[in-house]
Amino acid sequence: MQELYKELLEKYGQQGWWPLLGSAPEGRYTSYHPGNYSLPDSDDDRLQVSVGAILTQNTNWLNVEKALHNLSEAGALSARGLREMKLEHLAELIRPSGYYNQKARKLKIFIQFFAGLEGRMPDREELLSLWGIGRETADSILLYAYQKSIMVIDNYTRRVFKAAGIKGYDLAYDKLRQYCEQQMPDEYRIMQEFHALLVKAGKELNK
DNA sequence: AGCCAGGCTACCG
DNA sequence: CGGTAGCATGGC
């Protein structure tokens, strides 16, 4: 598995996940920051990553960018702004990301939880207890918003593992996650890069 | 012009 | 436990 990581890194280079709003290169709302593992470095940016993780559930990132942009313009990408936004208005803003009624509800539930954290890192079980936060979303939040070394398993992960001949690609989520964490160094920078590379590679693989 | 996207919940057997 | 319908938009 470390071999696969090295190959992907050589082939594609550092990915600079998780994308954040701001100083967008041509035509995009979010930008990447390859080689900079110190982000996010503010509470609002941790919130932004978490919101993005919820919005991207089974959804193309380009659609998520539009929704994030709308939220930002409406001042709803801060804990306070998001909390004060009416549910119906929120749903309208995130419409481009699809499943907007469900996701608006998920964001409302999440923001209440987030405010209660007062800056500390949530634990996995807390996240999983929230309606709308499943395993992949919880792990994405922990890995990319809080720099916790944990493997995120998604469809691309399984797809690339399968193509690379890595046994266990079809294990249950937590089994595969633990297997990966056991194979890889316990280092959030590598976990972030590996997952981002798997997505990159997975996109070039036909289903 | 379909097919698909950085899933989750509810419910079934 | 594993399997599946429903949720919804926009890009390609």
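In what follows, every chain begins at residue 1, and chains take the letters A, B, ... in the order their sequences are listed.
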Between [X] and [Y]: side-chain donor-acceptor atoms closer than 3.5 Å:
X: A/Tyr37; Y: A/Gln14; value: yes
X: A/Ser38; Y: A/Asn36; value: yes
X: A/Lys106; Y: A/Thr137; value: no
X: A/Ser78; Y: A/Asp44; value: no
X: A/Glu65; Y: A/Thr30; value: yes

[X] [atom1] to [N] [atom2]: how many Å, rounded?
X: A/Tyr173; N: C/dC1; atom1: OH; atom2: P; answer: 16 Å
X: A/Phe110; N: B/dC8; atom1: CZ; atom2: P; answer: 14 Å
X: A/Asp154; N: B/dC8; atom1: CG; atom2: P; answer: 10 Å
X: A/Lys106; N: B/dA10; atom1: NZ; atom2: C1'; answer: 12 Å
X: A/Leu127; N: B/dT9; atom1: CG; atom2: P; answer: 12 Å
X: A/Arg105; N: B/dT9; atom1: CZ; atom2: P; answer: 10 Å

Quiz item: Near DNA chain B, which residues from residues 41-53 of chain A have a heavy atom under 4.0 Å away?
Solution: none
Practice problem: Return the residues of residues 130-147 of chain A meeting this criterion: a heavy atom under 4.0 Å from some atom of DNA chain B. Order them by number, or give none. | Solution: A/Leu130, A/Trp131, A/Gly132, A/Ile133, A/Gly134, A/Arg135, A/Glu136, A/Thr137
Under 4.0 Å between a Lys/Arg side-chain N and an Asp/Glu carboxylate O for [X] and [Y]?
X: A/Asp170; Y: A/Arg158; result: no
X: A/Glu88; Y: A/Lys86; result: no
X: A/Glu126; Y: A/Arg120; result: yes
X: A/Lys6; Y: A/Glu10; result: no

Quiz prompt | Test side-chain contact (heavy atoms from CB on, under 4.5 Å) applied to A/Tyr100 and A/Leu90, A/Ile94, A/Leu93, the passing residue | solution = A/Ile94
Rounded to whole angstrom, note down the [atom1] distance from [N] over to [M].
N: B/dA1; M: C/dT9; atom1: C1'; answer: 16 Å
N: C/dA5; M: B/dC4; atom1: P; answer: 15 Å
N: C/dA8; M: B/dA10; atom1: P; answer: 14 Å

Quiz item: When the ring planes of A/Trp17 and A/Tyr32 are compared, do they come out parallel, tilted or perpendicular, using 30° and 60° as the limits?
Solution: tilted
Quiz item: Can you give one letter per nucleotide of nucleotides 6-12 of chain C, going 5' to 3': B for a protein heavy atom under 4.0 Å from the base, S for sugar-phosphate only, - for none?
Solution: -BBBSSS
Quiz item: Between A/Gln2 and A/Gln183, is there a donor-acceptor pair closer than 3.5 Å when you use the side chain of the first and the backbone of the second?
Solution: yes
Quiz item: Can you give the dot-bracket line for DNA chain B, where a pair is Watson-Crick or G-U wobble with both atom distances under 3.5 Å, crossing pairs use [ ], and | marks a partner on another strand?
Solution: .||||.|||||||
Practice problem: Would you please name every residue forming a side-chain hydrogen bond (donor to acceptor under 3.5 Å, both in side chains) with A/Arg177, sequence neighbours left out? | Solution: A/Asp174, A/Glu181
Practice problem: Could you tell me which residues satisfy ring-ring contact (aromatic ring centres under 6.0 Å, His included) with A/Phe161, sequence neighbours excluded, listed by chain and number? | Solution: none
Practice problem: Tell me which of A/Leu128 and A/Tyr156 sits closer to the 5' end of DNA chain B, going by the nucleotide each one is nearest to. | Solution: A/Tyr156
